Amino acid sequence: MRNRVKRLASRLSAFEQSLTFSRSEKVVLAISLAFTVCFAMPATAQAMHIMEGFLPPEYCIAWGAICVPFLVLGVIRIKRLIANTSRHTLILLAMAGAFIFVISSLKIPSVTGSCSHMTGTGLGAILFGPTPVSVLGIIVLIFQATLLAHGGLTTLGANCFSMAIAGPIIAWLLYKGALALRINRSVAIFIAVMLGDLFTYCVTSVQLALAYPSDVGGVVASAVKFLGVFAPTQVPLAVVEGLLTVLIIIGMQSFASKELKEISFGEKKAGVA
Amino acid sequence: MEKKKSNKLTVILLIVLVVAIIFMPLLILPGAEFLGSDDGGSKMVSEVTGEEYEPWFTPVMETLIGGELPGEMESLFFCIQTGIGVGIIAFSFGYLAARKKYGGDLPDEGENDALTEEPLAAKGSKPPQQKPLRQKN
């Protein structure tokens with residue numbers, strides 16, 4: 001019991017350490033937060049990839065503004081990763097980004113008779129935590145929005161929030177939670193990634209519902225309707241994404257155990273020695 | 001390592017499962033169109049609002065070429081995206097696998113001290129943490 005408390009305390013202090021920022025980092029972070037407060041609040045008071053031009057402008061700006069601090073934090077995290085670990089851990093980061101590229105480019109048929117694609121952001125979230133993935137995710141989203149007319153530049157903020165922020169955060173939390181419950185690591189990864197992927201589409205539904213509340217029943221009824229479109233299609237795909245992520249992590253464990261150790265993946269104890 | 005064997009089995013099982021889940025809909029739903037669910041979402045928008053929604057912004061690419069991207073071109077771009085991703089992953093796994101196979105004595109805990117000392121002595125700047133591949137014990 002006491003051991004566990006100790007472990008928790010050391011983990012907390014590690015978390016605190018990760019929250020201390022240098023001065024310039026603080027400034028940028030503060031600016032980004034101020035940006036959020038300025039732009040995001042009015043819209044929220046009123047009021048998968050969403051297609052180009054399908055969200056009213058004020059929502060586009062609001063969602064975009066919400067994303068900014070996460071992206072800034074992500075860039076800071078990545079910078080630190082580069083500074084504090086050996087260059088080889090970058091291979092893992094590149095692979096996590098490439099995984100998003102591959103996974104989100106594959107349109108996969110589902111039992112509902114329509115196609116959808118997965119997000120692929122769960123892998124990065126499990127390896128590096130949620131914020132670095134936001135940066136990787138937005139690269140993919142920009143690629144798709146400009147070249148493929150898939151998603152869109154105006155809806156970039158909303159899509160980024162659902163796919164590269166909300167999904168990874170849920171995946172990461174579930175993964176940590178499952179590990180704390182001493183669930184088998186592979187199973188934990190599978191569950192976390194699967195539900196993270198599904199959550200992305202829940203967020204998308206809510207985003208659409210906020211912008212287009214139904215006449216009868218308002219936002220909630222509308223959200224349920226949008227969920228009805230996305231969820232059934234997405235369930236099998238979420239399972240596939242979970243399985244693929246487990247696969248690639250097995251691969252990493254057998255070939256890059258040193259780098260995984262360096263980003264403290266797979267450690268049973270807290271990072272503080 | 002006995003763990004390796006069970007890993008192999010899991011990997012094969014997982015791949016079979018993934019393929020099965022992906023191709024099952026094709027088999028049980030012959031003749032379905034498999035349109036994107038993103039489109040389904042936009043249809044739902046017009047259903048909820050009760051009127052055809054007119055997007056207020058056309059994709060950059062479509063304005064640029066003055067029309068919709070031809071289907072074949074779209075699949076080309078999707079392939080490029082997949083290709084970039086697969087390329088990076090394949091290269092990385094190739095690199096890592098080769099390192100494991102030929103690098104043999106890569107730094108592992110005990111050796112760490114030796115390798116950080118060396119470059120430090122040689123150069124006062126940042127200690128590169130990576131060990132030259134060909135170096136042997």
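As the structure is a computational prediction, the values presented were derived from the model and not from experiment.
Contact of A:Glu259 with chain B is made through the side chain alone, with heavy-atom distances under 4.5 Å. Heavy atoms closer than 4.5 Å to chain B are found in both the backbone and the side chain of A:Ile248. Looking at A:Ile108, the atoms closer than 4.5 Å to chain B (heavy atoms on both sides) all sit in the side chain, from C-beta outward.
At a threshold of 4.5 Å between non-hydrogen side-chain atoms, the residues A:Thr155 and A:Tyr59 do not count as touching. Side-chain contact between B:Ile22 and A:Leu106 is absent, with no heavy-atom pair separated by less than 4.5 Å.
The main-chain N or O of A:Ala158 is found under 3.5 Å from a side-chain atom of A:Gln207 such that the two form a donor-acceptor pair.
Using modelled atom types, one finds a donor on one side chain and an acceptor on the other under 3.5 Å when comparing A:Ser104 with B:Gln81.
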